[in-house]
Each structure stands twice: as C-alpha cells, then as structure tokens.
Amino acid sequence: MTKKSDADPKSVDSQQFTEPTDGKTKSGDRAWSNRIANIWNKTTNRLVKLVPVEQVTQTIVQWFSVSEAEVAEILATVRAELPTTEALLIGKPQAGKSSIVRGLTGVSAEIVGQGFRPHTQHTQRYAYPSSELPLLIFTDTVGLGDVNQDTQAVIQDLINDLQESTRRARVLILTVKINDFATETLRQIAEKLRQQYPEIPCLLAVTCLHEVYPPSTADHPEYPPDYEEVNRAFTAIEEAFTGLYDRSVLIDFTLEEDGYHPVFYGLEVLRDSLAELLPEAEAGAIYQLLDDAAGKQLGDIYRDAGRRYILPFSIMAAALAAVPLPFATMPVLTSLQVSMVGLLGKLYGQTLTPSQAGGVVSAIAGGFLAQAVARELIKFVPGFGSVIAASWAAAYTWALGEGACVYFGDLMGGKKPDPQKIQAVMKEAFQKAQQMFKGIKT
C-alpha cells in the first residue's frame with residue numbers, strides 16, 4: 001500500500017498540470033519539458049509501489065479524475081462572458097425554422113432535428129453548441145396552424161418563457177413561407193408578444209422563395225431575386241405584418257439534394273439583419289459563428305482544459321511502457337487510455353461507459369494501432385527498447401487525447417466527427433509530443 005502523500009499527487013503537482021500552452025514559442029517548449037521531467041520523476045517512484053500492475057489504472061483514475069467543481073467553475077467563468085443570443089422562432093411547421101438553425105450553425109438537418117427538446121407544452125429548445133456554453137439558443141413554436149391548437153395557450157407559454165430573467169440578448173424571428181397567406185394565427189401571436197415586450201426586436205423572415213419562381217427557373221438568381229411573383233408575395237406578407245417587425249428579409253435555405261445554389265440563399269442578408277437588431281457583442285458573435293471563429297474559440301477553451309488531464313495520463317503511460325516485458329503492459333496501457341478518453345468525454349458533457357470509451361478509442365486511433373504493436377516489439381532491443389517505448393507511449397497517449405478532444409468537440413457542436421480531420425490532428429500532436437517527451441529517462 002502507498003502512503004497518503006504518495007497516492008494523492010494532485011495536492012503536490014496540480015499546478016504543474018493546469019497551465020495551458022499553445023506550443024508556439026521555445027520558452028513554452030522548455031516549460032513543458034521541465035514540467036514533464038518533474039512529473040516523470042515522481043510518477044516512476046509512485047508506480048514502483050503499485051503492486052500488482054493491474055491496480056495501476058484504477059489508482060491513476062482516482063488520482064486524475066475530473067473534478068466536478070473544477071469543471072463547473074470553468075464553465076461558469078466562460079458562460080458569464082459568453083455573448084449568448086436567444087432566437088424565438090415563430091412560424092408554422094415546414095416554414096423553414098429548422099433551416100434557419102442549419103444556416104446559422106452549420107449543423108446537419110438530422111442533428112438539428114435531434115437537438116430540439118421539449119421546453120414547454122408548445123415550445124422546443126435547441127442550444128448551440130451546447131446547453132452548458134451556448135452561443136445561440138433557438139426556441140421553436142410547435143403545432144402552429146393546427147386547428148386543435150389553443151392560440152392563447154401558445155401565447156401564454158411564450159410570454160412565460162420571455163418573463164424568465166436572463167442576461168441573454170433576445171430576438172423574435174417570424175418565419176413565413178412566401179406562398180402562405182393563412183397567417184392570422186401567427187399575426188395574433190406576434191401582436192401579443194410585441195405589445196408585451198416591445199423592447200425585443202423582431203425579424204420577419206420570408207422563406208421558400210423557389211416555390212414561386214417562374215416555371216422555367218432552374219436555380220437561384222443573383223440576390224435579391226427580382227421576380228414579379230416574389231416581389232408581389234413579399235409585399236403582401238409585409239403588409240399583413242405591418243407594425244409587428246423591425247426588419248424583413250427574403251431567404252431560401254434548401255438541402256443539397258434540392259439542387260439550388262447556394263444552399264443558404266440570403267444567409268449574408270439574414271446575418272446582417274440580425275446583427276442590426278442585436279447588441280454589439282452578440283452581433284459580433286453571429287459574424288464569428290458563421291466564420292467558425294467563435295466555435296474555434298470555444299474549442300480552444302475545452303482543449304486547454306482537456307490538456308490538464310492528457311498530460312498526467314501521458315506521463316503514466318510512459319511509466320507503464322517502460323516496464324521491460326513485451327506485451328505485459330499492453331492491457332493496462334489500453335485501459336489507461338480508455339479511462340482518459342472517458343474522462344475527456346465527461347469534460348465535454350458526454351457520459352460514456354468503459355465499452356463506449358473503448359469504441360471511441362478504436363474509432364479515432366486509426367493507423368496508430370500497428371505502431372502500438374511495433375512499440376511493444378522494440379522492447380526486445382537491449383538498452384534502448386524501454387526508453388523508446390516509454391516516449392512513444394507518452395506521445396501516442398497525448399495524440400490520442402488531442403484526437404478525442406476534436407471528436408467530442410464535434411459532437412458538442414452538433415457536427416459529425418470527421419475521421420480525416422481527427423487523424424490529421426493526431427499526427428500533428430504526435431509529432432509535437434515526441435519532442436515534448438524526448439527527454440524522458442528510464
């Protein structure tokens with residue numbers, strides 16, 4: 001058994017793990033090398049005391065488990081400074097509300113559909129990229145136009161939602177198909193909300209323009225569309241909602257298979273119109289979101305937090321790989337890496353069973369598997385095998401952690417993980433990590 005002071009490295013080493021780095025400067029590289037050397041020396045001493053070796057993984061997970069309080073503190077700090085916009089989408093089914101979500105977030109139609117969750121009896125809510133750190137929150141009205149729907153109940157649900165105290169910027173988006181003139185229910189709702197909350201800006205989005213294009217039209221014209229059918233219908237809808245909106249915009253967001261180009265016709269105008277209605281910070285976030293800058297910034301925040309856990313697991317992997325018995329430590333190393341991926345998933349809001357975490361490891365490891373076997377075989381080389389195996393294991397575990405962060409980050413952002421992007425990140429991370437861990441001595 002180990003003494004308490006040996007079995008609780010967080011109390012001694014936590015400051016060594018918690019400083020993120022971008023790896024861009026030589027001084028940063030030296031800092032990583034010094035930190036790695038310090039942790040390595042202490043780790044190898046501890047691991048000698050852990051007998052039998054099967055207990056190592058369990059002990060490591062206890063040492064470096066994700067602190068719920070720490071994660072909550074990170075999220076709370078970022079959330080307090082995050083310029084979040086809540087868009088209340090009001091319109092009939094098939095009016096293009098989900099397409100607006102796709103256009104502003106870039107997520108697939110399938111994921112948008114899965115992302116909406118019941119909020120009240122008459123509304124559903126979808127937070128992007130996550131409910132913990134949302135840049136955009138979409139509240140969608142459901143069932144409008146249904147003859148059995150109680151309009152007053154819908155209005156009351158929306159009013160109750162807007163009465164909730166929040167620091168978020170809010171905007172109403174009235175979504176109307178260009179060939180739909182049965183809009184009295186929608187007008188009643190908009191009128192009531194504007195009376196109750198005149199300070200909340202309102203955008204009138206007229207959608208599905210291609211449904212009134214002239215028969216011979218095969219694609220979108222240059223924006224804005226100058227067709228008599230479009231102009232006449234747009235004017236009629238604007239008149240029907242006179243006094244109930246601050247800006248109006250024509251958009252046509254289709255699917256790839258529909259054959260119209262661009263798929264998000266009028267997206268720039270929608271973005272600019274929203275920006276005119278929102279406070280400066282939220283407007284800036286909308287622009288950054290469409291340029292992927294905001295999503296990258298959030299990804300960097302999570303990656304920096306994730307590295308606090310990747311580093312000690314990489315050091316532990318190196319210490320285990322230094323055991324000069326070919327294949328003796330493979331099961332423990334695999335279990336260690338699976339545990340690391342499970343903890344990183346927890347950081348990103350994904351709760352995984354060990355088998356699910358193992359599936360993620362298999363999915364993202366790719367061509368590194370053959371090299372892992374080669375790493376074990378090289379231990380037969382006298383004098384050099386264990387050193388190479390240790391540094392390789394550390395670099396590979398680091399790269400696996402970086403790849404897992406990309407994988408979970410895509411899931412959190414509502415995107416399908418891209419295997420090629422993950423492999424590219426792992427390859428680059430592995431090369432950098434080899435330099436970081438090359439000073440490990442066994």
Side-chain angles (χ1 to χ4, degrees), residues 85-97 99-100 103-104 122-123 137-147 149-164 166 168-209 211-212 223-253 266-280 282-283 286:
T85 298
E86 182 170 3
L88 195 64
L89 300 165
I90 306 175
K92 292 181 182 180
Q94 309 303 316
K97 293 175 291 181
S99 296
I100 290 175
L104 292 176
H122 303 288
T123 63
I137 298 176
F138 299 93
T139 300
D140 180 18
T141 48
V142 294
L144 291 185
D146 187 338
V147 294
Q149 186 74 280
D150 185 344
T151 302
Q152 293 306 313
V154 175
I155 293 173
Q156 191 56 53
D157 263 359
L158 295 173
I159 289 177
N160 291 341
D161 186 68
L162 293 173
Q163 282 177 341
E164 295 179 5
T166 180
R168 302 168 186 153
R170 283 167 160 168
V171 61
L172 304 177
I173 302 180
L174 302 180
T175 309
V176 185
K177 288 182 68 172
I178 195 163
N179 55 357
D180 182 9
F181 297 100
T183 57
E184 181 57 30
T185 297
L186 184 60
R187 176 179 170 78
Q188 290 178 25
I189 294 173
E191 190 171 31
K192 185 65 176 180
L193 293 179
R194 293 290 275 174
Q195 289 174 354
Q196 195 90 359
Y197 299 98
E199 74 281 2
I200 298 179
C202 183
L203 176 67
L204 175 63
V206 179
T207 67
C208 304
L209 310 183
E211 295 191 10
V212 297
Y223 193 93
D226 189 19
Y227 296 133
E228 180 181 353
E229 296 87 346
V230 173
N231 295 334
R232 182 172 59 248
F234 186 40
T235 299
I237 292 172
E238 286 184 315
E239 290 177 351
F241 289 88
T242 297
L244 300 180
Y245 62 91
D246 300 287
R247 297 280 189 281
S248 61
V249 60
L250 287 166
I251 59 174
D252 197 344
F253 294 176
L267 177 59
E268 294 79 7
V269 180
L270 174 66
R271 174 200 63 193
D272 294 344
S273 299
L274 285 172
E276 291 175 4
L277 299 176
L278 292 169
E280 182 178 356
E282 285 73 11
I286 293 289

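- With rounding to the nearest 0.5 Å, the separation of CG in D252 from OG1 in T207 is 7.5 Å.
- Partners of K177 by salt bridge (charged side-chain N to carboxylate O under 4.0 Å, His left out), not counting sequence neighbours, listed by chain and number: E211.
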For this session: Carefully, step by step, assess L267 and I251 under the rule side chain to side chain contact (heavy atoms under 4.5 Å, CB included).
Result: CA-CA 7 Å; L267 177 59; I251 59 174; over 6 Å; no
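- For the residue pair P225 and L209, the shortest heavy atom distance occurs at CG-CD1, 3.9 Å.
- Considering L104, I137, V171 as possible partners of T85, the one that fulfils the side-chain contact (heavy atoms from CB on, under 4.5 Å) test is V171.
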For this session: Could you give me the CA-CA distance, side-chain angles and deciding distance for L174 and C202, then say whether side chain to side chain contact (heavy atoms under 4.5 Å, CB included) is met?
Result: CA-CA 7 Å; L174 302 180; C202 183; 3.6 Å; yes
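- Between the R170 side chain and the L162 main chain, a donor and an acceptor come within less than 3.5 Å of each other.
- Taking each heavy atom of G266 and F253 in turn, the nearest pair found is C-CE2, 4.3 Å.
- Between the Y223 side chain and the L250 main chain, a donor and an acceptor come within less than 3.5 Å of each other.
- K97 contributes a side-chain N or O that, together with a main-chain N or O of G91, makes up a donor-acceptor pair within less than 3.5 Å.
- F138 pairs by the ring-ring contact (aromatic ring centres under 6.0 Å, His included) definition with nothing, not counting sequence neighbours.
- Remark: E268 engages no residue in a side chain to side chain donor-acceptor pair (under 3.5 Å) (not counting sequence neighbours).
- Atom CD of Q94 sits in a sparse spot, with 12 or fewer heavy atoms from other residues, nucleotides or ligands closer than 6.0 Å.
- Here CG of L88 is found 10.0 Å from CD1 of I189. Values are rounded to the nearest 0.5 Å.
- Residues passing the salt bridge (charged side-chain N to carboxylate O under 4.0 Å, His left out) test with D157: none are found, sequence neighbours excluded.
- Scanning for side chain to side chain donor-acceptor pair (under 3.5 Å) contacts around E239 gives an empty result, with sequence neighbours left out.
- Counting only residues at least two apart or in different chains, side-chain hydrogen bond (donor to acceptor under 3.5 Å, both in side chains) contacts with residues 188-199 comprise R194-D246.
- Each of L204, L172, I173, L277 was compared with Y245 under the side-chain contact (heavy atoms from CB on, under 4.5 Å) criterion, and only L204 meets it.
- The shortest distance between side-chain heavy atoms of I159 and L193 falls below 4.5 Å.
- A donor-acceptor pair is defined here as one N or O able to donate and one able to accept, closer than 3.5 Å; no such pair exists between the side chain of K92 and the backbone of L186.
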